[in-house]
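I have placed the structure first, in the form of structure tokens, so that the comments after it can refer back to it.
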Amino acid sequence: MAYHPGSSDDNDVNGIRLVLGIRVFRRFWAALGVASLADWIGLLALTAYANDIATGGYAGKNFAIAGVLFARLAPALVIGPFGGYVADRLDRRLVLTTGLLLRAVIFASIPLVGTLWWLLAATVLIEAVNAVWMPTKDATVPTLVPRAHLDDANRLNLATTYGSALPAAALFIVATTATRFIDGLTPVELPAVDPTLYLVAIAFAIGGLIFLGLRDMPAGSAVPEDEQVGLWRTIGQGWAYVFRTPLVRGLVLGIVGAFACGGVVIGLGRVFVGDLGAGDPGYGLLFGCVFLGLGLGMWRGPRVLEQVSRRRIFGVGLMGAGVALAVVAVIHNMALVAILVTIVGFCAGVSWITGYTLLGLEVDEEMRGRTFAFVASLVRLVLSAVLAVAPLVAGVIGSHTIEMRELGDYTYTGSEITILIAAVVAFLFGAVSFRQMNDRVGLSLLSEVRQRPGLAPVYPEHGLFVAFEGGEGAGKSTQARMLVDALQAEGYRVLLTREPGATDVGRTLRQIVLDPATGDLSPRTEVLLYAADKAEHVDAVVLPALERGDVVVCDRYVDSTLAYQAGGRALDREEVERVARWSTRQLRPHLTVLLDVDPSVGRSRFEVADRLEAEPKEFHARVRDTFLDLAESDRNHYLVVSADRSVVAIADEVLERVRPLLGLVHPAIAARSDDAERTDDGGHGTDGSRGDGTDGSRSEDDGGERTGPESPR
Ligand SMILES: Nc1ncnc2c1ncn2[C@@H]1O[C@H](COP(=O)(O)OP(=O)(O)O)[C@@H](O)[C@H]1O
Ligand SMILES: Cc1cn([C@H]2C[C@H](O)[C@@H](COP(=O)(O)OP(=O)(O)O)O2)c(=O)[nH]c1=O
């Protein structure tokens with residue numbers, strides 16, 4: 001079958017279209033959408049209502065909200081496992097219908113009774129109903145769509161459940177603003193969120209009626225026994241695995257942190273916007289902004305700062321959320337807060353989607369299901385704790401005013417302090433995740449961000465890769481040889497190689513590019529010829545040696561293309577870099593030694609000039625500047641040496657810089673006697689024409705290196 005780029009997107013769209021084409025599923029989905037919408041508005045309305053009817057000042061309001069949120073989440077932890085059991089014994093359509101109708105009745109009863117105690121009891125009841133309703137809903141989906149499209153159906157349902165948070169926030173803003181407006185027109189005072197609670201009741205009733213109408217839904221119940229693993233057991237089982245693996249540990253820590261961060265904003269939101277004088281519509285706005293940010297973050301996440309490692313982005317996202325949240329805590333302006341919580345949501349969304357994807361990629365097949373279940377359960381647990389505890393803490397801290405004579409009074413509230421604490425915690429979680437998962441140690445985040453997308457470096461995971469760069473006659477071959485000798489003497493397995501011309505194809509290419517008889521070449525042709533040499537060299541020589549864990553010392557590498565073809569020939573640097581990096585699979589040396597010398601000095605060290613050596617002074621000046629520029633932009637991976645000093649002094653400096661990197665490889669003393677021959681074979685000095693760098697003579701056909709006998713081609 002032909003490869004079509006983007007076909008997976010097309011498949012997604014087609015799959016979703018297909019499941020929506022199934023009448024009974026379409027109606028089921030519509031009912032689910034209405035129920036989710038009602039659920040989100042309900043969450044907002046319940047907390048807003050708690051805020052309205054609570055007595056006891058600032059602390060009282062916070063305690064009331066903490067109570068509602070806890071009542072909302074706690075039953076899932078306790079009743080959850082039984083929900084599946086009950087659901088298993090009842091008819092699906094009956095459960096789906098009555099579940100929503102019951103919720104409608106309970107919601108309507110809340111403003112009618114109008115006490116805090118009933119609000120709390122009603123919340124528990126709603127969740128108890130939900131505990132049976134949810135597993136039934138999940139178990140129903142497979143009976144409505146063909147097995148092959150179950151995934152599409154589940155994804156659509158998930159998107160609907162979370163996607164409805166945004167319209168729900170909008171509806172909440174409209175409903176509460178309308179109530180305020182009508183309130184202003186009539187002499188009787190309307191309770192602020194009562195109409196919204198009735199609206200929720202109506203929406204649930206509509207959802208229930210749609211389910212009632214689904215007569216063609218297969219009857220019976222089917223929650224398979226093995227899917228009814230309780231929450232606590234899931235957590236227990238997952239724990240053991242997760243905490244054995246540092247990467248997964250970092251990920252789980254971060255994911256939980258992201259949710260805790262979002263939970264604090266939701267849990268404290270109502271009181272916090274109250275402090276800002278924004279009331280219920282403000283609360284709706286805050287909630288909507290968090291979800292807008294989350295949605296954007298999840299959508300754009302994979303594209304954000306593409307040049308930065310995904311493992312690092314994960315921690316960075318969390319730290320970003322922490323910083324934005326800290327600013328939220330100290331700023332007293334609703335408009336700015338709205339923008340900032342969108343940023344908090346965005347950062348958390350980027351982290352969440354990145355973490356989720358990494359988890360999918362890094363966790364072994366057989367552990368994946370359990371790990372995801374573990375994460376989902378843990379997130380639930382932490383979210384409940386945070387939603388309940390955050391307002392409690394805020395209530396305990398209370399609202400205080402400090403009098404500062406000249407500066408005026410400064411009021412700080414418990415919600416501000418608690419948000420600030422959460423911000424610090426989120427930042428620390430992010431920092432710990434960043435450290436645990438950092439796969440680019442030594443490359444600063446700033447220089448990584450500065451890299452253009454698509455040019456992200458790949459450093460070898462095995463072996464040690466060192467390149468020598470510099471102008472003509474700078475002493476690269478001499479120094480490379482000396483480094484190889486020094487390392488081999490210490491028992492390391494070392495491969496000395498070079499560009500261009502270390503492979504069979506490379507030798508032919510070398511002949512073409514360097515022979516003055518070739519005459520003028522288009523600069524682009526020259527780039528491609530060098531790139532072809534590199535592609536072959538990396539695949540056939542460099543990577544296999546690194547895979548074996550050897551030290552690879554390379555005389556000239558990608559920087560030469562950037563210096564000569566981009567700098568010297570004045571081609572666009574980014575274009576040339578894309579080609580050169582692509583041809584080397586983005587593989588970069590752990591260390592590049594730049595032997596810097598005035599071009600005239602280097603030039604004076606030999607007599608016969610090849611095609612490039614024969615270029616004018618200005619050309620070589622540009623080459624030198626480009627080399628220096630490259631070294632300057634990534635100091636961690638470069639050593640710049642003044643190459644007009646003695647050979648020995650330079651060699652000492654190089655060895656000193658390389659020594660700490662030897663931790664990446666192990667000396668193979670035992671294997672030395674036979675390996676030394678082999679590595680020499682792979683080097684480019686064995687044919688005697690050059691390479692030991694001491695004879696100073698140059699000839700056009702000084703290729704003739706053989707690649708190591710163990711190289712795959
Ligand atoms: N530090 C140095 N000082 C003086 N001459 C040097 C130095 N390093 C190398 N040479 C000589 O310069 C010539 C070119 O050296 P080589 O290592 O082949 O340079 P490259 O590989 O950079 O072109 C050789 O004759 C070598 O002996
Ligand atoms: C690897 C590479 C070399 N070159 C040039 C630089 C040199 O002039 C020539 C390599 O010839 P070589 O004789 O190996 O140079 P040196 O002894 O100075 O290391 O090819 C490029 O222009 N682009 C590249 O990517």
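Numbers for residues simply follow the sequence, beginning at 1. In listed order, ligands and their atoms are each counted from 1.
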**Thr497-His537 side chain donor-acceptor pair, cut-off 3.5 Å** = yes
**Request:** Indicate yes or no: at least one non-hydrogen side-chain atom of Glu499 is less than 4.5 angstrom from one of Lys534.
**Result:** yes
**Message:** For ligand 1 and Gly473, I'd like to know whether there is a polar contact (N/O to N/O, distance under 3.5 Å).
**Reply:** yes
**Item:** Euclidean distance, Gln436 CD relative to Leu251 CG, rounded to 0.5 Å
**Value:** 9.5 Å
**Prompt:** Heavy atom under 4.0 Å from ligand 2: found in Val513's side chain, backbone, both, or neither?
**Reply:** neither
**Prompt:** Side chain or backbone of Leu595 under 4.0 Å from ligand 1, or both, or neither, by non-hydrogen atoms?
**Reply:** neither
**Prompt:** What do you reckon, are the aromatic ring centroids of Phe468 and Tyr557 less than 6.0 Å apart?
**Reply:** no
**Asked** Is the CG atom of Asp520 crowded by more than 12 outside heavy atoms at less than 6.0 Å?
**Response** no
**Prompt:** Below 4.0 Å from any atom of ligand 1, is there a heavy atom belonging to Ala643?
**Reply:** yes
**Message:** Taking 4.0 angstrom as the limit and counting only heavy atoms of Lys534, give me the atoms of ligand 2 inside it, by number and element.
**Reply:** 1 (C), 25 (O)
**Message:** Could you work out, for atom 8 (O) of ligand 2, the closest of His620, Arg498, Glu615, Glu472 by heavy-atom distance?
**Reply:** Glu472
**Item:** Among Lys476, Arg510, Arg569, His537, closest by any non-hydrogen atom to atom 14 (O) of ligand 2
**Value:** Arg510
**Asked** Any idea which of Tyr530, Tyr564, Phe468, Tyr557 brings a heavy atom closest to atom 20 (O) of ligand 2?
**Response** Tyr530
**Message:** Taking distance alone, with N or O pairs closer than 3.5 Å, would you say Arg605 contacts ligand 1?
**Reply:** yes
**Asked** Measuring from Ile313:CD1 to Leu305:CG, what's the distance to the nearest 0.5 Å?
**Response** 4.5 Å
**Message:** List ligand 1 atoms under 4.0 Å from Thr478, heavy atoms only on the residue side.
**Reply:** 9 (C), 15 (O), 16 (P), 17 (O), 26 (C)
**Message:** Just to check, does Glu526 reach to within less than 4.0 Å of ligand 2 when the distance is taken from its heavy atoms?
**Reply:** no
**Asked** Is Ser477 in polar range of ligand 1, meaning some N or O pair under 3.5 Å apart?
**Response** yes
**Residue Ile650 vicinity, atoms of ligand 1 by number, heavy atom under 4.0 Å** = 1 (N)
**Asked** Which is closest to atom 6 (C) of ligand 2 by heavy-atom distance: Glu469, Glu499, Arg556?
**Response** Arg556
**Sub-4.0 Å heavy-atom approach of Arg645 to ligand 1** = yes
**Request:** Dump the intermediate steps for side-chain contact (heavy atoms from CB on, under 4.5 Å) on Glu472 and His620, then the final yes or no.
**Result:** CA-CA 9 Å; Glu472 320 292 333; His620 292 286; 3.7 Å; yes
**Message:** Between Gln479 and Lys476, does the side-chain contact (heavy atoms from CB on, under 4.5 Å) criterion hold? Intermediate values first, please.
**Reply:** CA-CA 5 Å; Gln479 293 299 332; Lys476 297 178 297 298; over 6 Å; no
**Asked** Backbone or side chain, does any N or O of Lys476 fall under 3.5 Å from an N or O of ligand 1?
**Response** yes
**Message:** Would you say CZ of Arg524 has more than 12 non-hydrogen atoms from neighbouring residues, nucleotides or ligands within 6.0 angstrom?
**Reply:** no
**Nearest-0.5 Å distance that lies between atom CZ in Arg311 and atom CG in Leu358** = 7.0 Å
**Message:** Test your reading of the structure: does Gln565 have an N or O sitting under 3.5 Å from an N or O of ligand 2?
**Reply:** yes
**Message:** Using 0.5 Å steps for rounding, measure from the CE atom of Met319 to the OG atom of Ser433.
**Reply:** 8.5 Å
